[in-house]
Amino acid sequence: MATFTPADLEQLSLKGISREVVDAQLDRFRTGFPYLTLDSPSSVGNGILPVDAEMEKACLGRWSRFLAGGGDVLKFVPASGAASRMFKALFAFVNGADDVPEAGGSVAQLVEKIGDFAFYGQLKAVTEKNYGLSPEDLIAAGRFKDLVGAIILPDGLNYGALPKALLTFHRYEDGSVRTSLEEQLAEGAQTAASKGGKVRLHFTVSSNHRKLFEAKLAEAVPAMEKRFGVSYDISLSEQKPSTDTIAVTPDNDLFRDDAGKLVFRPGGHGALIENLNDMDAAVVFIKNIDNVVGDSHREDTIHYKKFIGGLLMIVRDRIAALSAALASDPTEETVSEATAFVENILFIHSEGLAAERSLAERRDVLLSIFDRPLRVCGMVRNEGEPGGGPYNAYSSDGKTIAPQILESTQIDMNNAENVDMMKNAGYFNPVDLVCYLKRADGTSYHLPDYVDPQTGFISEKSAGGRDLRALELPGLWNGAMSDWNTVFVEVPASTFNPVKTVNDLLRPAHQ
């Protein structure tokens, strides 16, 4: 057991972290996380709900009725990460020995297409101010590092230190430009405006970027309200210090900085389950900040956002009706109907629903299954894009199989069957989901109660030139939602347009 000094305990207290939590984290470093046991990759009819044209029409109608009735809906956008990984190749070039980009490489592509980026006008203003030259003049003079540095460094656009939300993503025919933050406002106006045109959005931000967010919103919101005829209700939150995790040395001893203080690291996006838990809304859409397109490319996104929202409401309606029937009239017919719904719509297969169980036992299991947060997740056919995927996985006690979103770190790659399943997985997770967070009586679920603590992972990092081990909390859409009811449904690849590197902005969906 680790020895903590009085100063350590005070540090824990200031962060709102208990000694018991840290001890549990230190144990986890020693034991590691168990892998999940897979049954199969999800496919249509086996974990992914098949939907025909009639059902799709019903979902769109249900969503329209929900909004028209003053539906309680919020758009939740994780936006706290810096965009530094977008510019990894650019930093490597600026800091490297070569003065000319490698032919055919990503930096050479950026240089060749520099005028096609939406931020070109801003970049031109910077290069003319700093060097008295346009981007094209710098290229002609062979001053490639000055050009690339003007994009990422502090004396330029400083894109290497800004969050993705504040980067200019798209340019319009009238010469105006929008950041990904503004495109999220536009998407919200077109998919989640409730009665009276009210659009609620929540962005998670880092403390050092909060003032920049506030300034950008103050500038953008009036124009977007006028453009879309809505009113925005926007809130911001930061990842809680209490969700930070302790760092250790490669030998699993406490890692301390040069001043002797304990080192903590952010617990990953799984920590945001706490922020989501603070939201007072029945329906919440979750989508990454960088997965947005401009107005002319948004038709499919709008359609399928409304579709998954309506599907959520239809499933929620059915769960409420079945729960009420089970509570008031637990007949064999009612239990059989509810069991069929659990197995054919939620794709949950539980030993507790076996035919040899008593009627009362099966009724109680069904009521327990229904009394959980609900999510509908859009899944895209696997075409080589990175991302976790949908699988049908066993619970830790081995008694239940249910749909789960898994990351590769949760899968034992030394198991040949698992490797084969991953190779044949037909879908991946684009992080496009909508959640129902309230019970039938209107009270909110306490979301941390539905996290599987067995589903985090350990990563190797460094600080001050020294190696350390860091603990990532169960991810927001995988382990942090492990005990939710989940419906997977196929959505087209046209709804998934992430920007992972700066050159992704050259793709047609962003032009």
Side-chain angles (χ1 to χ4, degrees), residues 60 62-80 163 165-166 178-205 210 213-240 269 272-292 298 301-302 304-313 316 373-378 431-439 442-447 476-477 481:
L60 295 173
R62 181 66 181 93
W63 185 245
S64 294
R65 293 194 301 275
F66 174 71
L67 292 181
D72 182 16
V73 58
L74 171 77
K75 187 172 163 64
F76 182 94
V77 184
S80 51
L166 301 181
R178 286 187 200 160
T179 60
S180 59
L181 176 69
E182 289 165 295
E183 298 294 19
Q184 290 283 359
L185 297 182
E187 184 182 301
Q190 293 177 292
T191 59
S194 59
K195 190 175 182 180
K198 182 179 179 182
V199 184
R200 296 177 63 201
L201 291 102
H202 182 89
F203 296 92
T204 64
V205 303
R210 186 172 190 130
F213 267 86
E214 291 171 344
K216 184 60 183 178
L217 287 167
E219 169 203 318
V221 165
M224 298 299 275
E225 287 182 334
K226 183 178 180 180
R227 166 75 174 78
F228 292 102
V230 299
S231 62
Y232 290 103
D233 178 359
I234 299 175
S235 55
L236 308 176
S237 68
E238 300 168 22
Q239 192 166 304
K240 298 180 180 180
H269 61 66
L272 298 181
I273 197 71
E274 295 280 355
N275 302 62
L276 183 62
N277 191 56
D278 290 340
M279 300 298 103
D280 183 18
V283 175
V284 178
F285 285 98
I286 302 177
K287 188 178 185 183
N288 282 336
I289 185 68
D290 63 306
N291 183 15
V292 285
R298 198 177 294 120
T301 296
I302 294 170
Y304 284 96
K305 268 284 185 289
K306 294 177 178 179
F307 162 62
I308 65 172
L311 179 58
L312 177 85
M313 295 308 302
R316 179 261 173 191
L374 171 68
R375 61 178 177 164
V376 172
C377 310
V431 188
D432 192 359
L433 56 157
V434 59
C435 314
Y436 202 90
L437 305 183
K438 294 196 174 185
R439 297 182 178 87
T443 60
S444 296
Y445 287 103
H446 183 62
L447 303 184
L476 183 59
W477 31 84
M481 296 179 172

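All values below come from the heavy atoms of this structure, side chains included, with hydrogens, waters and symmetry mates left out.
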task: With sequence neighbours excluded, tell me which residues meet side chain to side chain donor-acceptor pair (under 3.5 Å) with D278.
output: K240

- request: In sequence, state the C-alpha distance, the side-chain angles, and the governing distance for Q184 and I289, and then conclude on side chain to side chain contact (heavy atoms under 4.5 Å, CB included).
  value: CA-CA 7 Å; Q184 290 283 359; I289 185 68; 3.7 Å; yes

task: Take K287 and V434 through the test side chain to side chain contact (heavy atoms under 4.5 Å, CB included) and record every step on the way to the result.
output: CA-CA 9 Å; K287 188 178 185 183; V434 59; over 6 Å; no

statement: Residues N288 and P78: closest non-hydrogen pair is OD1-CG, 4.3 Å

statement: CD1 (I286) and NZ (K75) are apart, to the nearest 0.5 Å, by 10.5 Å

- prompt: If every non-hydrogen atom of L311 is compared with every non-hydrogen atom of V376, which pair is closest and at what distance?
  reply: CD2-CG1, 3.9 Å

task: Report the residues that fulfil side chain to side chain donor-acceptor pair (under 3.5 Å) with Y445, sequence neighbours left out, ordered by chain and then residue number.
output: D371

Contacts under 3.5 angstrom, residues 190-199 side chains, donor-acceptor by atom type, not counting sequence neighbours:
| from | atom 1 | to | atom 2 | distance (Å) |
| --- | --- | --- | --- | --- |
| Q190 | OE1 | R298 | NH1 | 2.6 |
| T191 | OG1 | E187 | O | 2.8 |
| S194 | OG | K198 | O | 3.3 |

- line: Rounding to 0.5 Å, atoms CZ (R200) and CG (L74) come to a distance of 5.0 Å

Side-chain donor-acceptor distances from residues 217-227 under 3.5 Å, at least two apart:
| from | atom 1 | to | atom 2 | distance (Å) |
| --- | --- | --- | --- | --- |
| E219 | OE2 | K216 | NZ | 3.0 |
| E225 | OE2 | Y232 | N | 2.9 |
| R227 | NH2 | D295 | OD2 | 3.1 |

statement: Taking every heavy atom of R178 against every heavy atom of A186, the minimum-distance pair comes out as NH1-CB, 3.9 Å

query: Among all residues two or more places apart in sequence or in another chain, which pass the side chain to side chain contact (heavy atoms under 4.5 Å, CB included) test with N277?
result: H446, L447, P448

field: Residues that R210 engages under salt bridge (charged side-chain N to carboxylate O under 4.0 Å, His left out), provided they are two or more places apart
entry: E214, E238

query: Is a side-chain N or O of R439 found less than 3.5 angstrom from the main chain of S444, in a donor-acceptor match?
result: yes

query: salt bridge (charged side-chain N to carboxylate O under 4.0 Å, His left out) with D432: which residues, sequence neighbours excluded?
result: K305

- request: Please list, chain by chain and in numerical order, all residues satisfying side chain to side chain contact (heavy atoms under 4.5 Å, CB included) with P163, sequence neighbours excluded.
  value: L166, H209, F213

task: Output the distance between atom CE (M313) and atom CG (L374), rounded to the nearest 0.5 Å.
output: 9.5 Å

field: Where S237 and N275 come nearest, the two heavy atoms and their spacing
entry: OG-ND2, 2.9 Å

statement: Smallest heavy-atom separation, R375 atom then L433 atom, equals CD-CD1, 4.3 Å

Gap between atom SG of C377 and atom CD1 of I308 - 0.5 Å precision: 8.0 Å

task: List for me each residue that meets side chain to side chain donor-acceptor pair (under 3.5 Å) alongside N291, sequence neighbours excluded, and say none if there are none.
output: none

- request: Consider only side-chain N and O atoms of E182 and T179, and report whether a donor and an acceptor are under 3.5 Å apart.
  value: yes

- line: Sorted by chain and residue number, the ring-ring contact (aromatic ring centres under 6.0 Å, His included) partners of F76 (sequence neighbours excluded) come out as H202

- prompt: Do V283 and D72 come within less than 4.5 Å of each other through their side chains, counting heavy atoms only?
  reply: no

message: If the condition is side chain to side chain donor-acceptor pair (under 3.5 Å), which residues does S80 pass it with, not counting sequence neighbours?
response: none

task: Would you please name every residue forming a ring-ring contact (aromatic ring centres under 6.0 Å, His included) with F285, sequence neighbours left out?
output: W63

